[in-house]
Amino acid sequence: MPIARPAASVALEGFELRVLHLPLVAPFTTSFGTETVREVILVRALTGDGDGWGEIVTQADPLYSSEYTQGAWDVALRFLVPALLDRGSLAPEEVAGALEPFKGHRMAKAGLELAVLDAALRAEGRSFGEYVGAVRDRVPSGVSVGIQRDPAALVDTVRGYLDEGYVRIKIKIKPGRDVADTAAVRDAFGTIPLQVDANSAYTLADADTLAELDRFDLLLIEQPLQEDDLVDHATLARRLRTPVCLDESVVSDKAAADALALGSASVINIKAGRVGGYLEAVRIHDRCLAAGVPVWCGGMLETGIGRAANAALAALPGFTLPGDVSASSRFYTRDIVTEPAVLDDGHVRVPTGHGLGVEIDPVALDDFTVVRETLTR
């Protein structure tokens, strides 16, 4: 289901990049660390027909992936933005090709591509959802729950999210905080849709421990092993009844094809930043849809910009599992858009306005900005 109607070219005049620091409503702990402030890069594409916004979803430290804020900032300003400005005028579908000579840095590329997409679609009066092929006007919302102080605290936290209406719970796990935590949630809440996310915290030597999770009837176990362990993931998948889902391992459509061919996963988490952009994310969706492999939309603690794009992506037909497109209030007391995503009967609405369908709150944007730089032609 490729993009039905490509977007028109835009005349690029410049890019503005900002580093934002958004306080989180509560610390968010995974197997690789704890965040209390979300550091993110916001991209503004300046064009002859208006502006567009994108988000570079790197974190402050290279712990989830090799990308991190200062590295993305440097490569964007030094290489990626100049390459796009040198083109002068280009369509969003041409961004990836223009940036292809520069190896890696997928999150930086994705943020720039999204800004160009937003600008082009706003100029045409089209919504991002229509552009990517969304078939639903709202998407079921799951919530990602970080590692808590102990299993009892985890149960209390999960109860709060269930009371808010979230339709699926994902809990983070790591060695020593896996079986007991999962058991506590399952015992407390019965047959709720439940999955676990290891963020690459285990090795094949931990297969017996991971097999203990089979008794909890989980939707999936996400990224149990290191990102380059495709063969070991295939071996582990044969040991487990719980479906294995890949996240960090799937950095492109080619990586998704390899994982499926090897039997490394029976579910794939699609994060547009991780794979280099929303157009590549759509290609992975199309591949999995054709193969009958379910996908879901992962989250990177996005602001309202990335959250709007994720909602539209998650409305494609192959996204059959609830994703991490939660309400903005899950992470932020104050977002940078005028109408943050809200939870309505367990779902988040897909914006229908032009482009991404959200508008920037200029006061909040300035309040959270710690660094700002603009490059023009």
Side-chain angles (χ1 to χ4, degrees), residues 28-33 35 57-59 61-68 104 106-107 110 142-147 168-175 178 193-204 206 210 213 218-234 236-237 240 242-260 262-278 280-285 287-288 293-302 306 309-310 313-314 318-326:
F28 188 67
T29 299
T30 67
S31 64
F32 55 78
E35 286 183 272
V57 295
T58 48
Q59 296 171 308
D61 303 314
L63 300 175
Y64 168 78
S65 79
S66 60
E67 296 187 70
Y68 64 104
R106 292 180 174 88
M107 293 180 185
V143 67
S144 180
V145 183
I147 297 169
R168 182 229 68 197
I169 298 293
K170 177 174 84 172
I171 62 171
K172 298 287 188 175
I173 62 172
K174 65 179 181 178
D178 36 43
L194 178 65
Q195 63 195 56
V196 298
D197 182 7
N199 287 117
S200 305
Y202 298 85
T203 71
L204 205 52
D206 300 305
L210 297 174
L213 298 173
L218 301 173
L219 292 173
L220 54 90
I221 177 171
E222 184 180 353
Q223 196 68 41
L225 312 179
Q226 291 296 308
E227 64 182 59
D228 56 355
D229 288 345
L230 285 183
V231 173
D232 282 357
H233 272 110
L236 179 65
L240 305 182
T242 304
V244 171
C245 169
L246 289 182
D247 173 0
E248 289 94 327
S249 295
V250 179
V251 296
S252 64
D253 181 39
K254 173 64 165 58
D258 291 346
L260 297 181
L262 288 168
S264 305
S266 52
V267 183
I268 286 180
N269 166 355
I270 299 180
K271 291 177 179 171
R274 192 192 67 232
V275 304
Y278 285 86
E280 186 77 351
V282 170
R283 283 188 280 272
I284 295 171
H285 160 271
R287 176 180 299 280
C288 291
V293 172
V295 300
W296 57 281
C297 184
M300 290 290 290
L301 282 65
E302 286 91 351
N310 285 350
L313 181 69
F319 285 84
T320 55
L321 294 173
D324 287 342
V325 188
S326 55

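All figures in this text were calculated on a predicted structure; none of them were measured in a lab.
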Considering residues at least two apart in sequence or located in another chain, which fulfil the side chain to side chain contact (heavy atoms under 4.5 Å, CB included) criterion with [X]?
X	value
Val267	Leu220, Pro243, Cys245, Pro294, Trp296, Leu321
Thr30	Phe28, Phe32, Lys172, Asn199
Ala272	Tyr278, Ala281
Asp253	Glu280, Arg283, Ile284, Arg287

Shortest non-hydrogen separation from [X] to [Y] and the atoms involved:
X	Y	result
Gly273	Val57	CA-CG2, 4.0 Å
Leu236	Pro224	CD2-CG, 3.5 Å
Gly298	Asn310	O-ND2, 3.9 Å
Pro193	Leu219	CB-CD1, 3.9 Å
Val250	Ala256	CG1-CB, 3.9 Å
Ala237	Gly263	CB-O, 3.8 Å

For [X], which residues count as a salt bridge (Lys or Arg N to Asp or Glu O under 4.0 Å) partner, sequence neighbours excluded?
X	result
Asp324	Arg168, Lys170
Asp61	none
Arg274	Asp247
Glu302	none

Practice problem: Mind checking ring pair (Phe, Tyr, Trp, His ring centres under 6.0 Å) for Phe319 and listing every partner two or more places apart, or none if nothing turns up? | Solution: His285

From [X] [atom1] over to [Y] [atom2], what is the distance, rounded to the nearest 0.5 angstrom?
X	Y	atom1	atom2	answer
Ile173	Ile147	CD1	CD1	8.5 Å
Met107	Ser66	CE	OG	8.0 Å
Asp197	Ile171	CG	CD1	10.0 Å
Gln226	Leu204	CD	CG	12.5 Å
Leu213	Leu218	CG	CG	6.0 Å
Glu248	Glu222	CD	CD	7.0 Å

Quiz item: Is the shortest heavy-atom distance from the side chain of Ile169 to the side chain of Val145 under 4.5 Å?
Solution: yes

Quiz item: Is there side-chain contact between Leu313 and Val325, with at least one heavy-atom pair below 4.5 Å?
Solution: no

In chain order, what residues pass the side chain to side chain donor-acceptor pair (under 3.5 Å) check against [X], with sequence neighbours excluded?
X	value
Thr58	none
Ser65	none
Ser326	Arg307

Quiz item: Taking it one step at a time, do Tyr202 and Asp178 satisfy side chain to side chain contact (heavy atoms under 4.5 Å, CB included)?
Solution: CA-CA 11 Å; Tyr202 298 85; Asp178 36 43; 2.7 Å; yes

Quiz item: Do the side chain of Ser31 and the main chain of Ala198 share a donor and acceptor less than 3.5 angstrom apart?
Solution: yes

Quiz prompt | Ser200 side chain to Leu225 backbone, donor-acceptor under 3.5 Å | solution = yes

